[in-house]
Engineer: 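A single structure is presented below for examination.
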Amino acid sequence: MKRTISFLILLLAGSLTSQAQSFGKLVKKTPGMVSYTLRESFSKDVPGTLDKVKAWGITDIEFSSLFGKTAPELRALLDERGLTCSSYGVSYDAIANKPDSILRNAKALGVKYVRIGSIPHKTAATLEMMQQAVEVFNRFGKQAHDQGIMFCYHNHGFEFQPYENGTLFDYLVAKTNPDHVGYEMDVTWTYLPGQDPAALLLKYPKRFRLIHLKDVEKGVAKSDKGSMANEQSVVLGTGQIDWPAVLKAVNKSSIAHLYIEDESKAAEQQVPQSLKYLKSL
């Protein structure tokens, strides 16, 4: 009898482990998606677009807009469908000048993270620009932390200007409080400026908390502009990014949420293909 019970316990444990890793070997749970991927669809029909996302098997969304809804209204639509918003994207100006409003929305949405997409700039990154950002990030990061939310900065390419023995991105990481400020890697906006996304993840395994999975068409030239033509955003695994290397590094990091971000006008056709690719790894 004891042997039978032990066998059943092991069988159950194995089953639970299998379920926990049911999506794929490198990507252990179904990735989320950035709302920007379906920006046009969301702007016309939020409930219908949420249904579309759920039909793909995606249940985790990072919203960078409320698409005309209040935060409680959007939360209700998510709750009705068993979906969650784990990260809320806002502007640099918002965290600098309207922190209370942003955090109220974040609490209403039930997010664990608030992030911004870039630091405002009209020129190449400068040390002064980063010094100002450090002050804003540390201040807002503390305010968010006090309410149980982690602030993250999403790199946008221009931060990798050389500085001392590294880059201005390294300066930003070094000068921000690790307890209050995390980072969200945009893989393409790391790769195109000439950085190695996997190596950067391994360099800062505890600072990166979120990641945008976005691929770039083969042949697109390196650049730190943080922009490309919509059609150059391609199905994961068909572009320039070495995804197995990136995802192996993700699994050695503190990243809690992976979000597919597809900027293409054909995203509705491409996202299911990207999911199939990630599952195959």
Side-chain angles (χ1 to χ4, degrees), residues 21-42 49 52-64 83 86-87 89 115 117 152 154-157 183-202 208-223 225-281:
Q21 299 181 354
S22 61
F23 185 75
K25 291 182 180 179
L26 284 183
V27 181
K28 295 179 172 58
K29 64 178 182 178
T30 304
M33 189 195 76
V34 185
S35 67
Y36 187 76
T37 297
L38 297 181
R39 54 200 177 278
E40 293 184 4
S41 183
F42 270 120
T49 306
K52 191 179 305 180
V53 172
K54 184 176 181 179
W56 289 338
I58 294 174
T59 59
D60 182 21
I61 305 174
E62 178 183 69
F63 277 93
S64 47
L83 306 177
S86 52
S87 175
R115 62 93 169 164
C152 289
H154 164 286
N155 67 278
H156 221 276
Y183 290 85
E184 177 175 59
M185 175 179 284
D186 186 299
V187 175
T188 287
W189 302 151
T190 302
Y191 171 80
L192 283 181
Q195 303 296 306
D196 180 338
L200 194 62
L201 287 169
L202 294 174
F208 284 105
R209 304 301 186 92
L210 312 169
I211 190 167
H212 280 186
L213 308 181
K214 178 166 61 191
D215 214 334
V216 55
E217 187 179 29
K218 292 177 180 178
V220 174
K222 294 294 182 71
S223 167
K225 292 181 180 179
S227 65
M228 62 183 174
N230 289 330
E231 63 270 17
Q232 293 173 336
S233 183
V234 296
V235 175
L236 300 182
T238 66
Q240 299 185 42
I241 306 298
D242 181 353
W243 288 108
V246 170
L247 294 168
K248 286 174 184 175
V250 166
N251 290 333
K252 296 178 181 178
S253 76
S254 296
I255 288 176
H257 296 272
L258 295 76
Y259 306 109
I260 293 174
E261 183 178 39
D262 191 323
E263 298 188 1
S264 169
K265 297 290 186 180
E268 289 193 27
Q269 291 73 49
Q270 294 190 172
V271 170
Q273 295 177 61
S274 291
L275 285 167
K276 184 178 180 180
Y277 170 72
L278 292 173
K279 190 176 180 67
S280 74
L281 295 176

Engineer: Could you report the tightest heavy-atom contact between Leu26 and Asn251, atom names first, then the distance?
Structural biologist: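 So the two residues come closest at O-ND2, 2.9 Å.
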Engineer: Nearest 0.5 Å, please: how far is CG in Leu236 from CD in Glu261?
Structural biologist: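 The CD atom of Glu261 sits 11.0 Å away from the CG atom of Leu236.
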Engineer: Between Trp243 and Val187, is a side chain to side chain contact (heavy atoms under 4.5 Å, CB included) present by the stated rule, with each step listed?
Structural biologist: CA-CA 9 Å; Trp243 288 108; Val187 175; 3.8 Å; yes
Engineer: Within the structure provided, determine whether Trp56 and Lys52 are in side-chain contact (heavy-atom separation under 4.5 Å).
Structural biologist: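 Counting from C-beta outward, Trp56 and Lys52 do come under 4.5 Å.
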Engineer: Glu184 pairs by side-chain hydrogen bond (donor to acceptor under 3.5 Å, both in side chains) with which of Arg115, Arg209, His154?
Structural biologist: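 Among Arg115, Arg209, His154, the one meeting side-chain hydrogen bond (donor to acceptor under 3.5 Å, both in side chains) with Glu184 is Arg115.
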Engineer: Please report the C-alpha distance between Asn155 and Leu200 in whole Å, then the side-chain angles of each, then the deciding distance to 0.1 Å, and finally whether the side chain to side chain contact (heavy atoms under 4.5 Å, CB included) criterion is met.
Structural biologist: CA-CA 12 Å; Asn155 67 278; Leu200 194 62; 6.0 Å; no
Engineer: Okay, side chain of Thr49, backbone of Ser41: is any donor-acceptor separation there less than 3.5 Å?
Structural biologist: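 Judged by distance alone, yes, a pair lies under 3.5 Å.
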Engineer: Rounded to the nearest 0.5 Å, how far apart are CG of Leu213 and CE of Met185?
Structural biologist: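 That separation rounds to 11.0 Å.
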Engineer: Quick check: closest heavy atoms across Gly226 and Trp189, and the distance to 0.1 Å?
Structural biologist: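 Shortest heavy-atom contact: O-CZ2, 3.4 Å.
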Engineer: Rounded to the nearest 0.5 Å, what separates atom CE in Met33 from atom CD1 in Ile61?
Structural biologist: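 Output value for this atom pair is 5.5 Å.
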Engineer: Could you tell me the separation between the CG atom of Asp242 and the CG atom of Asp215, rounded to the nearest 0.5 Å?
Structural biologist: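 So the CG of Asp242 and the CG of Asp215 are separated by 10.0 Å.
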Engineer: Are the side chains of Glu62 and His212 in contact, using a 4.5 Å heavy-atom criterion?
Structural biologist: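 Yes, their side chains come closer than 4.5 Å.
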Engineer: Is it the case that over 12 heavy atoms from other parts of the model lie below 6.0 angstrom from the NZ atom of Lys222?
Structural biologist: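 Yes.
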Engineer: Out of Asp262, Asp186, Thr188, which one pairs with Lys214 under the side-chain hydrogen bond (donor to acceptor under 3.5 Å, both in side chains) rule?
Structural biologist: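 Running side-chain hydrogen bond (donor to acceptor under 3.5 Å, both in side chains) over Asp262, Asp186, Thr188 with Lys214 returns exactly one hit, Asp186.
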Engineer: Please work out which of the three classes, parallel, tilted or perpendicular, describes the rings of His257 and Tyr259, given edges at 30° and 60°.
Structural biologist: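 Parallel: the ring planes of Tyr259 and His257 meet at under 30°.
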Engineer: Determine, for Phe23 and Lys29, whether the Lys NZ or Arg CZ falls below 6.0 Å from the six-membered ring centre while staying within 45 degrees of the axis.
Structural biologist: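 No, Lys29 does not sit over the ring of Phe23.
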Engineer: Would you name the heavy atoms of Ala221 and Leu192 that are closest together and state the gap between them?
Structural biologist: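 Closest pair (atom of Ala221, atom of Leu192, distance): O-CD2, 3.7 Å.
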Engineer: Are any non-hydrogen side-chain atoms of Leu201 and Lys252 less than 4.5 angstrom apart?
Structural biologist: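 The answer is no; the side chains never approach within 4.5 Å.
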Engineer: Please report the interatomic distance NZ(Lys248) to CG(Leu281), rounded to the nearest 0.5 Å.
Structural biologist: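 Answer rounded to 0.5 Å: 9.5 Å.
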Engineer: For residues Ala198 and Ala245, report the shortest heavy-atom separation together with the two atoms involved.
Structural biologist: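 Smallest heavy-atom distance, with atoms named: CB-O, 3.6 Å.
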Engineer: Any chance you could lay out the side chain to side chain contact (heavy atoms under 4.5 Å, CB included) test for Leu247 and Leu258, step after step, and finish with the verdict?
Structural biologist: CA-CA 10 Å; Leu247 294 168; Leu258 295 76; 3.9 Å; yes
Engineer: Where do Ser233 and Ser264 come nearest, in terms of heavy atoms and distance?
Structural biologist: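 Heavy atoms only, the tightest pair is O-CB, 3.4 Å.
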Engineer: Compare every heavy atom of Leu83 with every heavy atom of Ile58, then report the nearest pair and how far apart it is.
Structural biologist: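 Of all heavy-atom pairs spanning Ile58 and Leu83, the closest is O-CD2, 3.6 Å.
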Engineer: Would Arg39 and Phe42 count as a cation-pi pair here, with the cationic atom under 6.0 angstrom from the ring centre and within 45° of the axis?
Structural biologist: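 Negative - Arg39 is either too far from the ring of Phe42 or too far off its axis.
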Engineer: As an exercise, state the distance from CD of Gln270 to CG of Leu275, rounded to the nearest 0.5 Å.
Structural biologist: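 Reported value, rounded in 0.5 Å steps: 12.0 Å.
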Engineer: Tell me, yes or no, whether the heavy-atom count around Lys279 atom NZ, taken from other residues, nucleotides or ligands under 6.0 Å, exceeds 12.
Structural biologist: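 It does: Lys279 NZ has more than 12 such atoms within range.
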